Asker: 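Below you will find the structure I want to go over with you.
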Amino acid sequence: MPELPEIEVLKRSLKKKLKFQRILKIKVYNKNLRYKFSNSISKNLNKRIIHDVTRISKYLVIHFNFSKKLLVHLGMSGTIHILDKKNKRSNASFYSSAFLPKKHNHIVFFFNNSTKMVYNDPRRFGYFKLLNSNYLFKKPFSCLGPDPLSYNFNYNYVKNFISSRKINLKKLLMDQKFVSGIGNIYANEILYSCKLKPIKTVDFLSKKNILDIIYQSKKVLNKAIKYGGSSIKNFVDDEGNTGIFQQKFNVYGKINEKCPRYGCPGYIKKIIISNRSSFYCPKCQV
DNA sequence: AAGAGGCCCTGATAGC
DNA sequence: TGCTATCAGGGCCTCT
C-alpha cells in the first residue's frame, strides 16, 4: 500500500520517534533488495544522528548530522516497524501491520534510545540508497511531477500537461511524471469521487473535470492521511486511530458490490488497464 | 517520444 | 491436503 498517504503517516511517526536519535548499529540480514544494501550505507550511517525525516512522493528521505541522506522506498510490500527496548512494537510508530512479522525482516537499525527500526519486505521491491546533497536534481526526484497536495498541482499545470496527449485518466493519475505519489488504490478512489470513468481519455476533459480531479485528489489523499493510511491485510490496530482508510474505500476491491453513492443503482466493475486492476461504477462514472 | 508491456519477488487465495 | 494458477499496492527498462 505504500502510496502517498501511507508514506506521509510513516514519515510523521519516524520523525516523532527517531528525531535526534543516534544510529549505533545496522544489521543486514538480506541485502538483496531491489538494489543491494551496500556496506557503504552501513559505514556511512554508523554513529550518525537523525536530524529530520521528509517525504517526496512515495519516497522517504532521512537527514543526518552530515551531508548525505538516506533514501527509503518501500516498493509494493515494504513495512517499517519501530520496536522499543522490550522488543514491543511501539504504538504510534508503525506502518501497515500490527505485529512484527517473523519472516523477511531484512534490515535492522539500532538506536541509542534502545529502539530498533526494522525493515520488512516479502517481495523485496523496496530499497535503500545514499544520496548526496544535490539529490533533488538527480533521479528519481528530477523527473517527478508535483506533489498532489502542493499548490503546484493546479489547473494551469494540468491543462498544460494534458494538452496534445491522448491517455486515459487512470494512467494519467498513476504517471509519476504528471503527479507524484498517487498509486493504484487512490487513482481508483479519486476517479470515483470525480464521477469520471478510468478509461476516459484526457482530450474529453472539461475545465470543470480538471478542477474536480485536482480538488478530489487533494481531498481523498488528505482524508486517507487523516485516517492513518490504508492497510489491506492483517491489520489490527490497538489504538483504533491508525491505518483504517481501507474501511473507507468506495470502489477499490469492491467488485460486484453495490455502488455506495446515494441513489446510484450501479454495481462496481473491475477492468484491467495497462495490467493493473481498475474498479469503477459504470452507472455514475462517465 | 508517448505509451504499452515485461519484469523484479514472495505470499495469499481460489479452484481443482 | 496438496497441487497449480492467478493476482497483488511500484517503478524501471525496453520496444514500438
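Values below: all heavy atoms of this structure, side chains included; hydrogens, waters and symmetry mates excluded. Letters A, B, ... are given to chains in the order of the sequence lines, protein chains preceding strands, and every chain is numbered from 1. Being a predicted model, the structure only gives us computed values, none of them experimental.
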Asker: Once you round it to whole Å, what is the distance between C1' of dC13(C) and OH of Tyr127(A)?
Answerer: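 Atom-to-atom, Tyr127(A) to dC13(C), this comes out as 14 Å.
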
Asker: Measuring from the side chain of Asn184(A) (C-beta onward, heavy atoms only), which nucleotide among dG10(C), dC7(C), dG11(B) has the closest atom?
Answerer: dG10(C)

Asker: If I take atom CD1 in residue Ile167(A) and atom P in nucleotide dG5(B), what distance separates them, rounded to the nearest angstrom?
Answerer: 13 Å

Asker: Within 45° of the axis and under 6.0 Å from the centre of the six-membered ring of Phe110(A), does NZ or CZ of Lys25(A) qualify?
Answerer: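 Verdict for Phe110(A): a cation-pi partner in Lys25(A).
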
Asker: Using Watson-Crick and G-U wobble pairs with both distances under 3.5 Å, what is the 5'-to-3' dot-bracket string of DNA chain C, with [ ] for crossing pairs and | for pairs outside the strand?
Answerer: .|||||||.|||||||

Asker: Ignoring hydrogens and angles, answer whether the base of dG10(C) and the side-chain atoms of Arg276(A) contain a donor-acceptor pair closer than 3.5 Å.
Answerer: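 Indeed, a donor on one side and an acceptor on the other fall under 3.5 Å apart.
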
Asker: OP1 or OP2 of dG11(B) sitting under 4.0 Å from any side-chain N/O of His104(A)?
Answerer: yes

Asker: May I ask you to verify if any side-chain N or O of Lys103(A) is less than 4.0 angstrom from the OP1 or OP2 atom of dG11(B)?
Answerer: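 It does, given that an N or O in the side chain of Lys103(A) lies less than 4.0 Å from OP1 or OP2 of dG11(B).
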
Asker: Could you state the NE2-P distance from His106(A) to dG11(B), rounded to the nearest angstrom?
Answerer: 9 Å

Asker: Of the options dC12(C), dG3(B), dG11(B), whose atoms approach the side-chain atoms of Lys171(A) most closely?
Answerer: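 From the listed options, dG3(B) comes nearest.
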
Asker: Look at the side chain of Lys270(A) and decide which nucleotide, out of dC7(C), dT10(B), dG5(B), has an atom nearest to it.
Answerer: dC7(C)

Asker: Inspect the contact between Lys195(A) and Asp212(A) and indicate whether a charged nitrogen and a carboxylate oxygen are less than 4.0 angstrom apart.
Answerer: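 Between Lys195(A) and Asp212(A) there is no salt bridge, as every charged N stays at least 4.0 Å from the carboxylate O atoms.
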
Asker: From the set dC12(C), dG3(B), dG6(B), return the single nucleotide nearest to any side-chain atom of Asn275(A).
Answerer: dG6(B)

Asker: Indicate whether any N or O donor in one side chain lies under 3.5 Å from an N or O acceptor in the other, for Asn184(A) and Lys170(A).
Answerer: yes

Asker: Determine whether the aromatic ring of Phe125(A) stacks with the base of dC8(B), defined as ring centroids separated by less than 5.5 Å and ring planes inclined by less than 30°.
Answerer: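 One would call Phe125(A) stacked on the dC8(B) base.
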
Asker: Pairs of donor and acceptor atoms involving the side chains of residues 132-139 of chain A, under 3.5 Å and at least two apart or interchain, shall be tabulated with distances.
Answerer:
{"unit_1": "Asn132(A)", "atom_1": "OD1", "unit_2": "Lys68(A)", "atom_2": "NZ", "d": "2.8"}

Asker: Give the rounded distance in Å between these two atoms: CG of Leu74(A) and C1' of dC8(B).
Answerer: 17 Å

Asker: Given dC9(B), dC13(C), dC8(B), which nucleotide is nearest the side-chain atoms of Arg34(A)?
Answerer: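 So the side chain of Arg34(A) is nearest to dC8(B).
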
Asker: Tell me, do Leu4(A) and Pro148(A) make a side-chain contact under 4.5 Å, heavy atoms counted?
Answerer: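 Sidechains of Pro148(A) and Leu4(A): in contact.
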
Asker: When you measure from the centre of the six-membered ring of Phe249(A), is the NZ or CZ of Lys254(A) closer than 6.0 Å and no more than 45° off the axis?
Answerer: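 No, Lys254(A) does not lie over the aromatic ring of Phe249(A).
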
Asker: Using atom CE of Met76(A) as one end and atom P of dC9(B) as the other, report the distance to the nearest whole Å.
Answerer: 13 Å

Asker: What nucleotide, of dC12(C), dG3(B), dG6(B), holds the atom closest to the side chain of Arg165(A)?
Answerer: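 Of all the options, the side chain of Arg165(A) is nearest to dG3(B).
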
Asker: Please state how far atom NE2 in His73(A) lies from atom P in dC9(B), giving the value in whole angstrom units.
Answerer: 18 Å

Asker: Under the 3.5 Å rule, do the base of dC9(B) and the side chain of Arg124(A) count as making a donor-acceptor pair?
Answerer: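 A donor-acceptor contact between them is absent.
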
Asker: Tyr59(A) vs Phe141(A) aromatic rings, parallel, tilted or perpendicular, using cut-offs 30° and 60°?
Answerer: perpendicular

Asker: Map Gln176(A) and Ile272(A) onto DNA chain C by nearest heavy atom, then report which one ends up closer to the 5' terminus.
Answerer: Ile272(A)

